[in-house]
Amino acid sequence: MSASCRVVVLISGNGSNLQAILDGCDDNLNAEVVGVISNKPDAYGLVRAHHSEIDTSCVIARKGEQREDFDARLINAIEKYQPDLIVLAGFMRILSDKFVSKYLGKMINIHPSLLPKYTGLNTHQRAIDAKDTEHGASVHFVIPELDAGPVILQAKVPVYPEDDAETLAQRVHEQEHAIYPLVVKWFSLGRLSMNNNQAFLDGCVIGESGYAPD
Ligand SMILES: Nc1nc2c(c(=O)[nH]1)N[C@@H](CN(C=O)c1ccc(C(=O)N[C@@H](CCC(=O)O)C(=O)O)cc1)CN2
Ligand SMILES: NCC(=O)N[C@@H]1O[C@H](COP(=O)([O-])[O-])[C@@H](O)[C@H]1O
């Protein structure tokens with residue numbers, strides 16, 4: 001029986017979140033990763049996709065190319081798979097308003113901070129520099145404004161005085177790999193909508209150990 005929710009994952013690098021979602025789909029028969037698309041040809045996530053016999057493609061920015069032109073090529077690559085859900089997993093491109101509007105409500109991203117804190121890049125070092133005692137990750141719907149979409153699920157981790165960006169990133173990664181597959185599962189079960197998202201925010205109390213409604 002083919003899965004009801006066709007998932008396309010966009011990556012730019014290592015793909016550890018892709019791997020967590022692939023592993024999660026083994027248990028969640030409602031979702032199937034049908035394609036992995038990278039904007040970097042050397043992304044290790046492409047190797048992970050090949051190991052799982054998932055179709056892959058690359059859409060590589062051309063020198064001087066307009067963002068909208070790149071995004072048009074990316075749409076062509078995505079539409080081949082006819083996805084129900086688009087998952088950004090370390091996809092390091094800011095997407096144009098036209099692209100985001102096309103996939104509004106069916107595109108999610110994982111961001112390494114407790115949004116709305118620390119949108120953008122270098123979040124772990126910024127949390128350390130601010131002497132924060134907690135940090136974490138957020139899964140959110142993607143809207144044109146960067147990292148500002150409705151938050152679906154968050155995971156918190158402690159920040160220790162001896163932490164550097166690397167040790168903190170590792171602790172955050174562990175929680176990312178726990179929460180992202182959950183959100184994919186909820187979406188595949190039809191339990192996620194950008195319109196009535198508050199129910200999940202109220203129900204999602206996440207600590208270091210991680211908790212979320214089943
Ligand atoms: N319109 C949106 N696009 C993207 C969103 C979003 O919420 N709205 N989420 C990001 C993911 N992201 C952080 O989570 C992020 C990715 C990339 C950048 C960025 O500055 N990219 C540069 C290029 C960087 C590079 O090539 O190394 C750029 O695109 O000019 C910031 C945040 C995904 N896109
Ligand atoms: N602003 C986007 C961003 O910084 N995303 C972050 O990139 C990493 C990708 O790791 P992965 O390739 O191993 O999944 C993840 O930590 C994710 O939160």
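Hydrogens, waters and symmetry mates play no part in the numbers below; they use all other heavy atoms, side chains included. Numbering of ligands and ligand atoms starts at 1, following listing order. If you read the sequence from its start, that first residue is 1, and numbering goes on from there.
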Inset, instruction - Identify, for atom 22 (C) of ligand 1, the protein heavy atom at the shortest distance, and state residue, atom and that distance. - result: M92 O, 4.1 Å
Inset, instruction - For side-chain hydrogen bond (donor to acceptor under 3.5 Å, both in side chains), just list the numbers for T119 and H111, CA-CA rounded to whole Å, side-chain angles, deciding distance to a tenth of an Å, and then say yes or no. - result: CA-CA 8 Å; T119 59; H111 180 75; over 6 Å; no
Inset, instruction - Identify the protein heavy atom lying closest to atom 18 (O) of ligand 2, giving its residue, its atom name and the separation to 0.1 Å. - result: E176 OE2, 2.5 Å
Inset, instruction - Consider ligand 2: state whether an atom of it lies below 4.0 angstrom from any non-hydrogen atom of I11. - result: no
Legend entry - For atom 7 (O) of ligand 1, closest protein heavy-atom neighbour: D147 N, 2.8 Å
Legend entry - Shortest protein contact, atom 11 (C) of ligand 1 (heavy atom only): N109 ND2, 3.6 Å
Inset, instruction - Would you check whether P144 reaches within less than 4.0 Å of ligand 1, judged by its heavy atoms? - result: yes
Inset, instruction - Identify, by atom number and element, the atoms of ligand 2 in contact range of G90, meaning under 4.0 Å from any of its heavy atoms. - result: 7 (O), 9 (C)
Inset, instruction - Output yes when the distance from some N or O of ligand 2 to some N or O of N17 is under 3.5 Å, and no in every other case. - result: yes
Inset, instruction - Could you see which bit of I94 sits under 4.0 Å from ligand 1, with heavy atoms only: side chain, backbone, both or neither? - result: both
Inset, instruction - Report yes if K40 has an N/O atom closer than 3.5 Å to an N/O atom of ligand 1; otherwise report no. - result: no
Legend entry - Chi angles and distances behind the side chain to side chain contact (heavy atoms under 4.5 Å, CB included) call for E134, L114: CA-CA 9 Å; E134 66 178 21; L114 294 174; 4.1 Å; yes
Inset, instruction - Return the residue, atom name and 0.1 Å-rounded distance of the protein heavy atom closest to atom 12 (O) of ligand 2. - result: G15 N, 2.8 Å
Inset, instruction - Please state which part of V100 comes within less than 4.0 Å of ligand 1, counting heavy atoms only: side chain, backbone, both or neither. - result: side chain
Inset, instruction - Report yes if some N/O of V142 lies less than 3.5 Å from some N/O of ligand 1; otherwise report no. - result: no
Inset, instruction - Please examine the side chains of T56 and S38, heavy atoms only from C-beta on, and report whether any two atoms are closer than 4.5 Å. - result: no
Legend entry - Shortest reach to atom 34 (N) of ligand 1 by a heavy atom, considering only H140, R93, R67: R93
Legend entry - L153, L88, N109 screened by side-chain contact (heavy atoms from CB on, under 4.5 Å) with H140, the one that passes: N109
Inset, instruction - Report yes or no: is the cationic atom of R6 (NZ for Lys, CZ for Arg) under 6.0 Å from the centre of the six-membered ring of Y81, at an angle within 45° of the ring normal? - result: no
Legend entry - Under 3.5 Å: N/O of L146 near N/O of ligand 1: no
Inset, instruction - Consider ligand 2: state whether an atom of it lies below 4.0 angstrom from any non-hydrogen atom of M92. - result: yes
Inset, instruction - Can you sort out which atoms of ligand 2 are near S16, meaning under 4.0 Å from one of its heavy atoms? - result: 11 (P), 12 (O), 13 (O), 14 (O)
Legend entry - Expected output: side-chain R171 to main-chain H135 donor-acceptor under 3.5 Å: no
Inset, instruction - Heavy atoms only: give me the nearest V34-D55 pair and the separation to one decimal. - result: O-CB, 4.0 Å
Legend entry - Donor-acceptor under 3.5 Å (T167 side chain, D163 main chain): no
Legend entry - Positive for side-chain contact (heavy atoms from CB on, under 4.5 Å) with M107, one of V142, L85, I78: V142
Legend entry - Closer than 4.0 Å: a protein non-hydrogen atom to atom 26 (O) of ligand 1: yes
Inset, instruction - Can you pull out the closest protein heavy atom to atom 3 (C) of ligand 2? Residue, atom name and distance to 0.1 Å, please. - result: P112 CD, 3.7 Å
Legend entry - Steps toward side chain to side chain contact (heavy atoms under 4.5 Å, CB included) verdict (N17, H177): CA-CA 6 Å; N17 277 285; H177 302 158; 3.5 Å; yes
Legend entry - Exam field: side chain T123 to backbone S113, donor-acceptor pair closer than 3.5 Å: no
Inset, instruction - Check whether any side-chain heavy atom of L22 sits under 4.5 Å from a side-chain heavy atom of I54, and report yes or no. - result: yes
Inset, instruction - Taking atom types as modelled, find out whether H173 and Q170 have a side-chain donor-acceptor pair closer than 3.5 angstrom. - result: no
Legend entry - I143 N/O under 3.5 Å from ligand 1 N/O: yes
Legend entry - ligand 1-proximal atoms of F99, by part, heavy-atom distance under 4.0 Å: neither
Inset, instruction - Please confirm whether G120 comes within less than 3.5 Å of ligand 1 when only nitrogen or oxygen atoms on both sides are compared. - result: no
Legend entry - Whether G45 lies under 4.0 Å from ligand 2, heavy atom: no
Inset, instruction - Using a strict cut-off of 4.0 Å, indicate which atoms of ligand 2 neighbour a heavy atom of H111. - result: 1 (N), 18 (O)
Legend entry - Heteroatom proximity flag, H111 to ligand 1, N/O under 3.5 Å: yes
Legend entry - Per-atom contacts of ligand 1 with F91, taking only distances under 4.0 Å to non-hydrogen atoms: 11 (C), 16 (C), 33 (C)
Legend entry - Side-chain (D71) to main-chain (S96) donor-acceptor, under 3.5 angstrom: yes
Inset, instruction - Run the numbers for me: atoms of ligand 2, each under 4.0 Å from some heavy atom of H173, listed by number. - result: 10 (O), 15 (C), 16 (O)
Inset, instruction - Using a cut-off of 6.0 Å, state whether more than 12 heavy atoms not belonging to E162 lie near its atom CD. - result: yes
Legend entry - Flag, side chain of Q19 to backbone of S16, donor-acceptor distance under 3.5 Å: no
Inset, instruction - Considering only non-hydrogen protein atoms, determine which one is nearest to atom 3 (N) of ligand 1 and report residue, atom name and distance to 0.1 Å. - result: L95 N, 3.0 Å
